[in-house]
Amino acid sequence: MDVRVRYAPSPTGLQHIGGIRTALFNYFFARSSGGKFILRVEDTDRERYSDESLEDLYSTLDWLGIKWDEGPVVGGPYGPYIQSERFDIYKKYAEQLVKEGKAYYCYCTPERLEALREEQVRTKSEYQGYDRHCANLTEEERAELEKKGIKPVIRLKVPTEGKTTFHDVIMGDITRKNKDISPDPILLKSDGFPTYHLANVIDDHLMGITHIMRAQEWIPSGPLHVLLYQAFGWEVPTYCHLPMVMGKDGQKLSKRHGSTAVREFREKGYLPEAIINYVTLVGWSLDGSTEFLSKEQLEKCFRMENIHKNPGKFDYKKLDWFNSQYIRMADDGRIASLMMPYLIKAGYISSTPTAEEEEKVRKLVKPAKERMKVISDIVDLSKFLFVDEPVEDPEMYIAKGSDIEKTRKALERGGDILFKGLEEGKADEKIEEELCALSSELEIKVNGVFQPIRVAITNSQVSLPLFDSISLLGLDEAKRRLERAKEFIKEK
RNA sequence: GGUUCCUUCGUCUAAUGGUUAGGACAGGAGAUUCUCAGUCUCUAAAUAGGGGUUCGAUUCCCCUAGGAACUACCA
């Protein structure tokens with residue numbers, strides 16, 4: 001049987017790291033086993049639903065380059081793939097279970113349930129959950145309640161005896177006593193929408209899903225789902241519960257640990273290949289030594305057997321490392337165009353860059369490339385090119401081991417050597433040699449000559465290399481800044 | 001509280017019934033470079049604890065401890 005897997009997110013928030021890790025595992029498993037990857041939108045919670053979330057889902061998968069074989073937009077033979085458009089299906093199946101005596105209508109109000117819960121907590125009752133108050137209503141009682149206009153929910157009858165087991169490819173057999181399964185969960189809400197459990201089981205069956213790969217947080221509801229499959233008389237798919245992605249403190253990764261939405265990473269200038277590579281490596285590994293795995297490679301070599309049991313912590317620093325590596329590997333033209341929006345947003349270049357501006361950005365790539373962890377770093381790195389804010393603390397010009405006198409000389413004589421050399425078209429290395437000679441003459445370290453000049457030209461103690469900076473700035477502007485610094489230091 | 005699951009360096013992980021328990025990130029040290037970054041070299045760092053089974057266990061079993069998830073008309 002051909003593999004069919006799905007990613008079935010709920011559009012109630014932005015796509016986050018944990019979610020796309022699940023998507024990626026499903027996607028890679030489908031590709032590597034020649035199966036189909038299906039996208040299904042589980043939008044049965046109309047309270048938390050948002051259009052923005054749905055758009056974010058599409059744009060995030062698109063950005064990552066994850067294409068689905070069946071699902072919204074592309075369609076497929078088992079559609080619709082959006083649960084809110086399958087409304088009638090769930091109702092039909094839920095009512096079928098009622099008819100067969102496997103489920104029942106419940107008219108309990110949220111208030112009663114709330115009170116029940118409080119009571120159970122207060123008395124530290126051993127019995128937790130719904131008390132099956134409506135499990136054995138007579139037809140007359142039902143009619144009475146219907147007459148009052150109470151909209152019922154449909155609850156599944158969970159056996160009180162016996163136990164239910166399901167097999168998980170990663171975890172092995174997982175067994176739960178039926179009496180420990182949340183008593184009589186709601187299948188169909190009073191608004192007629194299905195709950196997750198119902199919709200998920202029905203759709204997975206109807207869509208021919210063969211492997212259910214989802215986060216381990218779903219393990220506790222595994223037996224319940226099996227009960228549902230059995231109630232319908234359907235074959236249970238293969239389960240594969242994925243280890244969770246945790247934060248530094250070992251708790252489920254969430255906003256308080258830092259960025260979790262993929263969109264945020266994208267906005268900061270992470271590359272999709274870095275995200276894919278790193279995220280895939282938490283909870284899965286090829287051989288323990290291969291670090292760099294492209295999406296294309298993963299589509300071939302992903303094996304379910306290599307998925308781990310234990311949860312993994314998300315390490316932002318390792319992601320940074322991956323990202324800086326991928327930035328360096330990336331094509332210069334691509335990096336240039338990725339940098340553009342940040343420079344525009346910073347107001348450094350116009351929103352429709354001129355040819356001259358584009359050229360400038362293009363030249364910026366080479367020196368900046370190996371200094372960026374994320375593309376947005378370019379804003380700080382290139383500020384001196386677009387904004388001229390001279391350093392006004394004389395101390396900043398003075399290198400360690402130097403003093404104001406020597407700094408003045410370095411600026412004056414070093415500046416002469418530098419610009420004379422550049423104007424004559426001397427090689428950078430040659431000029432550098434001459435500047436080094438000056439430093440030994442002044443009895444200071446090489447940096448004693450370079451630092452004041454660099455600070456003068458780049459307006460910062462931390463900058464791109466001097467020659468790159470001058471070349472980017474242009475000779476005239478560089479010279480102007482140096483002259484200004486000379487004047488400034490002279491007065492001190 | 002109840003239920004279920006998990007446990008190799010700080011982190012992600014590799015390996016095997018017999019190894020000096022390997023790699024990477026982060027950390028530390030050094031080298032290099034005009035600063036920063038980078039690069040290179042070196043370094044420290046782990047089988048949670050206790051019982052078994054076994055000639056031998058980190059690996060198999062049990063217990064303990066710790067952690068996590070779930071416990072909604074949310075998914």
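Not measured: the values here are computed from a predicted model.
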- Which nucleotide in the set B:C34, B:A26, B:A75 lies at the smallest distance from any side-chain heavy atom of A:W218? B:A75
- Message: For a 4.5 angstrom cut-off between non-hydrogen side-chain atoms, does A:K409 reach A:K406?
- Response: no
- Query: Base, sugar-phosphate alone, or nothing: which one does A:V446 contact when heavy atoms must sit under 4.0 Å apart?
  - Reply: sugar-phosphate
- Query: Under 4.0 angstrom, heavy atoms only, what part of the nucleic acid is A:H308 near: base, sugar-phosphate, or nothing?
  - Reply: sugar-phosphate
- Task: Can you check whether any acceptor in the base of B:C73 is under 3.5 Å from a donor in the side chain of A:T195, or vice versa?
- Result: no
- 5′-ward residue of the pair A:L381/A:P243 relative to RNA chain B: A:P243
- Separation of B:C12 P from A:Y278 OH (nearest whole Å): 8 Å
- Message: What's A:F467 touching, base or sugar-phosphate or nothing? Going by heavy atoms closer than 4.0 Å.
- Response: base
- Taking a pair as Watson-Crick or G-U wobble with both distances under 3.5 Å, which nucleotide is matched to B:G56? none
- Item | Nearest to side-chain heavy atoms of A:S289, which nucleotide of B:U11, B:C73, B:G23 | B:G23
- Note on the structure: Letter by letter from the 5' end, nucleotides 1-9 of chain B scores (B base, S sugar-phosphate only, - none; protein heavy atoms under 4.0 Å) B-SSSSSS-
- Message: Measuring only the P atom in each nucleotide, how far is B:A48 from B:A31? A whole number of Å is fine.
- Response: 39 Å
- Item | B:C70 - base-pair partner by Watson-Crick or wobble geometry, distances under 3.5 Å | B:G2
- Can you figure out which of B:A72, B:C34, B:C25 approaches the side chain of A:F450 most closely? B:C34
- Would you mind classifying the nucleic acid contact of A:Q325 as base, sugar-phosphate or nothing, using non-hydrogen atoms under 4.0 angstrom? sugar-phosphate
- Message: Keeping A:E291 on the side-chain end and A:N277 on the backbone end, is there a donor-acceptor pair under 3.5 Å?
- Response: no
- State, with a plain yes or no, whether a side-chain heavy atom of A:C240 is found less than 4.5 Å away from one of A:I307. yes
- Give the rounded distance in Å between these two atoms: CG of A:L281 and P of B:G23. 17 Å
- Would you indicate which nucleotide in B:A75, B:A26, B:U35 comes nearest to any side-chain atom of A:R48? B:A75
- Most 5' of A:P465 and A:K373 on RNA chain B, judged by nearest nucleotide: A:P465
- Of the candidates B:G38, B:A37, B:C12, the side chain of A:R328 sits closest to B:G38
- Message: Categorize A:L466 for me: base, sugar-phosphate, or nothing, with a 4.0 angstrom heavy-atom threshold over every strand shown.
- Response: base
- Query: What nucleotide among B:G10, B:C74, B:C36 has an atom nearest to a side-chain atom of A:R371?
  - Reply: B:C36
- Between atom CH2 in A:W321 and atom P in B:G38, what is the gap in whole Å? 12 Å
- Message: Base, sugar-phosphate or nothing for A:S285? Non-hydrogen atoms, less than 4.0 Å.
- Response: sugar-phosphate
- Item | Donor-acceptor pair present, A:K318 side chain and B:A24 base, under 3.5 Å | yes
- Checking N1-N3 plus N6-O4 or O6-N4 for Watson-Crick, or N1-O2 and O6-N3 for wobble, each under 3.5 Å, the partner of B:C36 is none
